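Since the model is a prediction, treat every value here as computed from it, not as a measurement.
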Amino acid sequence: VINVGSGQSRSLRDVGDEIAASLPKFDPKLWRWGDLPTRPNESDEFYNGSTLAEEWGFVESPRPISFKETVNYYVEHD
């Protein structure tokens, strides 16, 4: 798995929800968003980008599809 990021900022909750949608039988109540206070200097966004990946010709794939393919791989190879 190579994760070089899209270069676009996303909320951690959005990323978490996309991952949860990929997990079989996941109970979204387990996330419990907001139960703990945000720590000082803690970000509520995820950002990752790579200009080098672009230079090498990597292209962005849709996150929900990538998450699902990754989960399926580990389910099949458990």
Q: Within a reach of under 6.0 Å around CZ of F26, are more than 12 heavy atoms found that belong to other residues, nucleotides or ligands?
A: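 Yes, enclosed.
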Q: Taking all atoms of both residues into account, what is the closest heavy-atom pair of S61 and S66, and its distance?
A: OG-OG, 2.6 Å
Q: Linking I/L/V/M/F/W/Y whenever any side-chain heavy atoms sit under 4.5 Å apart, do L36 and L30 land together?
A: no
Q: Locate the shortest heavy-atom distance separating G16 from W31; write the atom from each residue and the value.
A: O-CZ2, 3.3 Å
Q: At what distance, to the nearest 0.5 angstrom, does CG of L12 lie from CD of E42?
A: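 Interatomic distance, L12 CG to E42 CD, rounded to 0.5 Å: 8.0 Å.
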Q: Can you list everything that forms a salt bridge (Lys or Arg N to Asp or Glu O under 4.0 Å) with D35? Sequence neighbours excluded, please.
A: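 For D35, the residues satisfying salt bridge (Lys or Arg N to Asp or Glu O under 4.0 Å) (neighbours in sequence not counted) are R32.
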Q: Identify the heavy atoms of P24 and V71 that sit nearest to each other, and give their distance.
A: CD-CG1, 3.8 Å
Q: Roughly how far, to the nearest 0.5 Å, is OG1 of T70 from CD1 of I65?
A: 11.5 Å
Q: Is any side-chain heavy atom of W33 closer than 4.5 Å to a side-chain heavy atom of D17?
A: yes
Q: To the closest 0.5 Å, what do you measure between CG (N72) and NE2 (H77)?
A: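 One finds 11.0 Å between CG of N72 and NE2 of H77.
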